[in-house]
S.K.: 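Would you mind keeping the following structure in view while I ask a few things?
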Amino acid sequence: MKVTTGWIQDTPKLIVETDDGRLLNLTDSLGDRALNGVDALLARGVGPAELRRLVSSLRGPVFLDEKAGLVFAGPIWHPNKILCVGLNYREHIDEGRNQRIANEQFPTLFVKTNNTLSW
């Protein structure tokens with residue numbers, strides 16, 4: 001099960017890809033406009049097991065068809081911290097031109113600020 005945030009007719013929605021590959025509009029399925037993205041889901045403390053139970057218990061699931069006009073958005077809109085790992089696989093390291101970095105034993109860690117995100 002995959003979860004993301006998407007826009008339908010200029011309104012943010014929490015979208016779940018179910019195990020059978022269909023896209024479920026969880027926001028409308030629950031009738032909960034405040035549950036409009038991954039940020040809101042995380043703020044409520046909903047984990048993977050609880051999400052599966054929630055989806056399986058829906059009485060009137062709203063699935064999207066190809067004409068729904070879904071535009072995918074960044075899954076998390078307002079991250080507090082963005083921690084990144086660079087040079088985390090051998091092929092990427094070998095591409096590097098800086099020999100000192102290429103010989104490092106551990107991957108490079110760096111941060112990004114949330115204003116560097118785009119979607």
Side-chain angles (χ1 to χ4, degrees):
M1 185 176 301
K2 298 176 185 174
V3 183
T4 194
T5 303
W7 291 86
I8 300 173
Q9 298 176 353
D10 298 326
T11 305
K13 307 286 183 176
L14 179 61
I15 306 298
V16 176
E17 181 181 359
T18 59
D19 292 335
D20 60 6
R22 295 186 295 169
L23 294 179
L24 171 70
N25 177 341
L26 192 58
T27 302
D28 291 349
S29 294
L30 294 171
D32 185 349
R33 293 186 314 172
L35 189 60
N36 60 0
V38 176
D39 282 354
L41 188 71
L42 294 173
R44 292 184 186 189
V46 176
E50 187 176 349
L51 180 62
R52 280 192 181 280
R53 282 192 299 276
L54 183 63
V55 168
S56 66
S57 70
L58 290 173
R59 295 187 190 263
V62 178
F63 289 100
L64 301 178
D65 65 18
E66 298 159 3
K67 299 174 185 164
L70 174 65
V71 176
F72 289 103
I76 299 176
W77 297 351
H78 307 289
N80 292 327
K81 298 177 187 85
I82 305 169
L83 305 176
C84 305
V85 179
L87 303 176
N88 54 341
Y89 57 96
R90 177 52 50 195
E91 291 82 11
H92 189 198
I93 293 170
D94 292 343
E95 290 172 356
R97 292 192 172 93
N98 185 325
Q99 195 59 36
R100 181 190 64 76
I101 293 174
N103 290 330
E104 291 286 329
Q105 182 178 0
F106 300 102
T108 301
L109 301 177
F110 58 98
V111 297
K112 289 186 136 200
T113 58
N114 59 6
N115 67 345
T116 63
L117 300 176
S118 63
W119 21 72

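Below, each value reflects all heavy atoms present in this structure, side chains not excepted, and no hydrogens, waters or symmetry copies.
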S.K.: Can you give me the closest heavy-atom contact between Val62 and Ser29, atom names plus distance?
M.R.: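 Scanning both residues completely, I find the closest heavy atoms to be N-OG, 2.7 Å.
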S.K.: Search all heavy atoms of Val3 against all heavy atoms of Leu41 and return the closest pair with its distance.
M.R.: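 Answer, listing the atom of Val3 first, then Leu41: CG1-CD2, 4.0 Å.
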S.K.: Tell me every residue that passes side-chain contact (heavy atoms from CB on, under 4.5 Å) with Ala34, counting only those two or more places apart in sequence or in another chain.
M.R.: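 Per chain and number, Ala34 pairs via side-chain contact (heavy atoms from CB on, under 4.5 Å) with Asp32, Arg44.
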S.K.: Report yes if some heavy atom in the side chain of Leu30 is under 4.5 Å from a heavy atom in the side chain of Leu54; otherwise report no.
M.R.: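 Yes; the side chains approach each other to less than 4.5 Å.
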S.K.: Rounded at 0.5 Å granularity, tell me how far CZ in Phe63 sits from CG in Asp28.
M.R.: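 Those atoms lie 13.0 Å apart.
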S.K.: Is the number of heavy atoms from other residues, nucleotides or ligands under 6.0 Å of Asp65 CG greater than 12?
M.R.: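 Yes, CG of Asp65 has more than 12 neighbouring heavy atoms, counting only those of other groups under 6.0 Å.
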S.K.: Within the 4.5 Å heavy-atom criterion, are Leu58 and Leu26 side-chain neighbours or not?
M.R.: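 They are in contact (side-chain heavy atoms under 4.5 Å apart), so the answer is yes.
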S.K.: Write down the atom of Gly45, the atom of Glu50, and the distance for their closest heavy-atom approach.
M.R.: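 Minimum heavy-atom contact is O-OE1, 4.0 Å.
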S.K.: Could you report the tightest heavy-atom contact between Leu51 and Val46, atom names first, then the distance?
M.R.: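 Here Leu51 and Val46 meet closest at N-CG1, 3.8 Å.
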S.K.: If you round to the nearest 0.5 Å, how far is OG1 of Thr18 from NZ of Lys2?
M.R.: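 One finds 11.0 Å between NZ of Lys2 and OG1 of Thr18.
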S.K.: Quick check: do Leu109 and Val85 have side-chain heavy atoms less than 4.5 Å from each other?
M.R.: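 Yes; the side chains approach each other to less than 4.5 Å.
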S.K.: Nearest 0.5 Å please: distance from the CD1 atom of Ile15 over to the OG1 atom of Thr4.
M.R.: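 Separation between the atoms: 8.0 Å.
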S.K.: Between Asn114 and Ile82, what is the shortest heavy-atom contact and its length?
M.R.: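 Smallest interatomic distance, heavy atoms only, reads CA-CD1, 3.7 Å.
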S.K.: Please examine the side chains of Pro48 and Met1, heavy atoms only from C-beta on, and report whether any two atoms are closer than 4.5 Å.
M.R.: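 A side-chain contact under 4.5 Å is absent here.
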S.K.: Just verifying a value: how many Å separate Thr5 OG1 and Asp39 CG, rounded to the nearest 0.5 Å?
M.R.: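 That separation rounds to 6.5 Å.
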S.K.: Quick one: OG1 on Thr27 to CG on Leu14, what's the gap to the nearest 0.5 Å?
M.R.: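 Result: 5.0 Å between the selected atoms.
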